[in-house]
Q: 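I have a structure I would like to understand better, so I am pasting it below and will then ask my questions one at a time.
The model shown is predicted, which means the values in this text are computed figures rather than measured ones. Numbering starts at 1 and runs along the sequence shown.
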Amino acid sequence: MLFPVSIMVLFMQRYMVVLRRYSLQLLNATLVIPEIQATTRTKGISSKFKSFSYLYDEDHFIHSLSSDVVIVHGLPKDLREARKKIKFPTVSPRNSATPEYYIKEVLPRLVKSKVLGIIVNGGNCLQSILPASLEEFQQLRCRVAFHALRLRPQIRALGSQVVGRLRASGRPYVAYHPGLLRDTLAFHGCAELFQDIHTELIQYRRNQMIKRGTVKEQLTVDSVSRKMAGLCPLMPEEAGLLLQALGYPPTTIIFLAGSETFGGQRMLIPLRAMFANLVDRTSLCSQRELFDLVGSEDPLTSDLPQPPPPKSEKQLIEEWKRAGPRPRPLPPPPARPFYAHEKEGWYGWIGENDTEPEASLIEFRRQAHRLLWDALDYFVSVEADAFFPGFHNDGSGWPDYSSLVMGHRLYQTPSGITYRPDRKIIAALFEEVNDHRYHPPRNWTIAAREHLNRSASVEGIVSSAMLSKPVSFLAHPLPECSCRTPKSPAVQPVKDSNGRSLFGGEVECPDWMARSLAMASARNSEPQNEDYEDELREDGSSQDTQESNTSDSNKSSEQDEEMDPDD
């Protein structure tokens, strides 16, 4: 998992031309531990954390990359003072920056100033697919993303506890990320899918993006046509109907991932009505556990309106004497108080002002907390038995949350169930049953089920690679981050129109890895204890029960297929 906005500082200890296997000119510089802008000390986080260590294991990051990059905790004292005075240049590369950009643009400035800051927006500062001659750098990306960037032990420990609690009943769980983020909805013009205040909030953010040049379109667009084109996230209600079409029972445990769901709990009411076991980190963790994850923080002044201080009896008497002649008219009734739920967060200003106020220090702290909750939910989503994204592969080049989870699951557990729905096809399916969504005909259910099952198969991986790989390497880290054993069959490689590999064609695993995999496979295939096997042979009731349960489940599934509410 990468950070959304960060600053990396390159400290130029020495510059040299290194001739390696591919005769490339490489920059030999020292990397200072990156800073995550949402988790710096100025954002009010706990004093026991630095910026990077708020999310990641800093020592593991340095140790795991020690043979590739020289990494230090900070700049020398003299350079640190110069950086505070902003004497060093900074660059902000695009997410599609080429290696030539760093050689021709960044390198001369680094040589001249000795120290250079790189501002990374969206966690991506290099083109997704590199030339074949840079294969070893693509593999370095794999080591950084899936091995070096490891969440700090406290996050992983709490994440493991959450996974254990989700599986305590012996049933698998599905992780679901709605993808309903204000920035996403504003970027793609999905404001009209909401009502009242939420539409105003989305349009205000979209207007800001137009002024900054992020959006090149008009402020008002047809949100319905955008949704039909697959540019808007799936609503939680639609996600629930699709899970029902897949055959998930109402008792399925669904873990709601993500720190922000635009629209609040109201958007989740239909999904919760279909699946009562919809849980998130707040229902699985105690307040103490979440507080320990955040750490002790200095108290901050609340940004909520405070009542005036009470007046003493002497002050009241003095005001009465200065009040003027009597009788006096009654004072106007006091204004209606604004409650905490009306003022808290980024939406409270819309009822009073036309412009969004500057974020307060306590709001910066909330943003840091949301990044921490995203990291915790990321761990739980990667370990889930199945993952269903509400929004992914938007084509903007930004590594969205669901795409990062899907890429990590593809690397770590490629056999796991990860759905990759085509939102354009899904929108067309729902348009067919717009008047009777909760009682669709049988052919609609079969079509939706077949599409989602294909999306979770190799066919879905290849189709997703066509969209995600050219813009985000982490969304589809194959084939660079994988290898095949000598016994495994070779997969026919799939390439894009430019001849770049998207799937298949993995190289053979090194001997040490093949041997370790063979040893692990042998351990897993060892026969069980003979006494335990005898007990199983003597106890035939469990086998009979299993057979009866299987027959019952087959019978019930056949009945479900035959049922049609429209018949």
Q: For residues F61 and Y56, establish whether the separation of their ring centroids is below 6.0 Å.
A: no
Q: Go through L149 and F52 one step at a time and tell me if the side-chain contact (heavy atoms from CB on, under 4.5 Å) criterion holds.
A: CA-CA 10 Å; L149 281 176; F52 189 81; 3.7 Å; yes
Q: Can you check whether D183's main-chain N or O pairs, donor with acceptor, with R205's side chain at less than 3.5 Å?
A: no
Q: Given the rule in the side-chain hydrogen bond (donor to acceptor under 3.5 Å, both in side chains) test, do R212 and Q208 qualify, once you have shown the distances and angles that lead to the verdict?
A: CA-CA 6 Å; R212 292 197 300 262; Q208 288 180 319; 4.7 Å; no
Q: Using every non-hydrogen atom in the two residues, find where R152 and L293 come nearest and quote the distance to one decimal.
A: NH2-O, 2.7 Å
Q: Residues in disulfide bond (SG atoms under 2.5 Å apart) with C285, at least two apart?
A: none
Q: Can you see which heavy atom on I103 is nearest to which on L107, and at what distance?
A: O-CB, 3.3 Å
Q: Does the distance from a Lys or Arg side-chain N to an Asp or Glu carboxylate O, for E135 and R141, drop under 4.0 Å?
A: no
Q: Under 3.5 Å, is there a donor-acceptor pair between the side chain of T413 and the main chain of S415?
A: no
Q: Determine the minimum heavy-atom distance between Y378 and L404, stating which atoms define it.
A: OH-O, 3.6 Å
Q: Determine whether a donor-acceptor pair (N or O, by modelled atom type, separation under 3.5 Å) exists between the side chain of S128 and the backbone of F473.
A: yes
Q: Salt bridge (Lys or Arg N to Asp or Glu O under 4.0 Å) between E105 and R94: does it pass, once the steps are laid out?
A: CA-CA 13 Å; E105 301 291 337; R94 297 179 301 173; over 6 Å; no
Q: Taking the side chain as every heavy atom from C-beta outward, state whether L65 and L31 have any pair of such atoms under 4.5 Å apart.
A: no
Q: Between the main-chain N or O of V279 and the side-chain N or O of S283, is there a donor-acceptor pair closer than 3.5 Å?
A: no
Q: Specify whether F388 and Y419 have parallel, tilted or perpendicular ring planes, treating 30° as the upper limit for parallel and 60° as the lower limit for perpendicular.
A: tilted
Q: Between L467, L452, I461, which is the residue that forms a side-chain contact (heavy atoms from CB on, under 4.5 Å) with R420?
A: I461
Q: Can you tell me how far CG of L130 sits from CZ of F137, rounded to the nearest 0.5 angstrom?
A: 9.0 Å
Q: Where the side chain of S482 meets the backbone of L478, is there a donor-acceptor pair that is under 3.5 Å apart?
A: no
Q: Compare every heavy atom of E297 with every heavy atom of I45, then report the nearest pair and how far apart it is.
A: CA-OE2, 4.1 Å
Q: Over all heavy atoms of both residues, which pair between A375 and L55 is shortest? Give the atoms and the distance, please.
A: CB-CD2, 4.0 Å
Q: One thing to verify: whether R143 and E480 come together as a salt bridge, which I'm taking to mean a side-chain N less than 4.0 angstrom from a carboxylate O.
A: no
Q: For the residue pair T184 and P233, what are the closest heavy atoms and their distance?
A: CG2-CG, 4.5 Å
Q: Tell me whether R370 is salt-bridged to E260, with the criterion being a basic N under 4.0 Å from an acidic carboxylate O.
A: no
Q: So does L201 get a backbone contact from the side chain of R182, meaning a donor-acceptor N/O pair under 3.5 Å?
A: yes
Q: Under 4.0 Å between a Lys/Arg side-chain N and an Asp/Glu carboxylate O for D385 and R171?
A: no
Q: Give me each pair satisfying salt bridge (charged side-chain N to carboxylate O under 4.0 Å, His left out) with a member in residues 52-65, each pair once, sequence neighbours excluded.
A: D57-R150
Q: So with a 6.0 Å cut-off around NE2 of H147, is the heavy-atom count from everything else above 12?
A: yes
Q: Got a second to check how far Y411's OH is from L474's CG, nearest 0.5 Å?
A: 12.0 Å
Q: Would H188 and F391 count as a ring pair (Phe, Tyr, Trp, His ring centres under 6.0 Å) if you check the C-alpha gap in whole Å, the side-chain angles of each, and the deciding distance to 0.1 Å?
A: CA-CA 12 Å; H188 294 285; F391 186 77; 5.5 Å; yes
Q: For H392, which of S468, S402, S472 qualifies under side-chain contact (heavy atoms from CB on, under 4.5 Å)?
A: S402
Q: If you measure from CZ on F49 to CD1 on I36, what distance do you get to the nearest 0.5 Å?
A: 12.0 Å
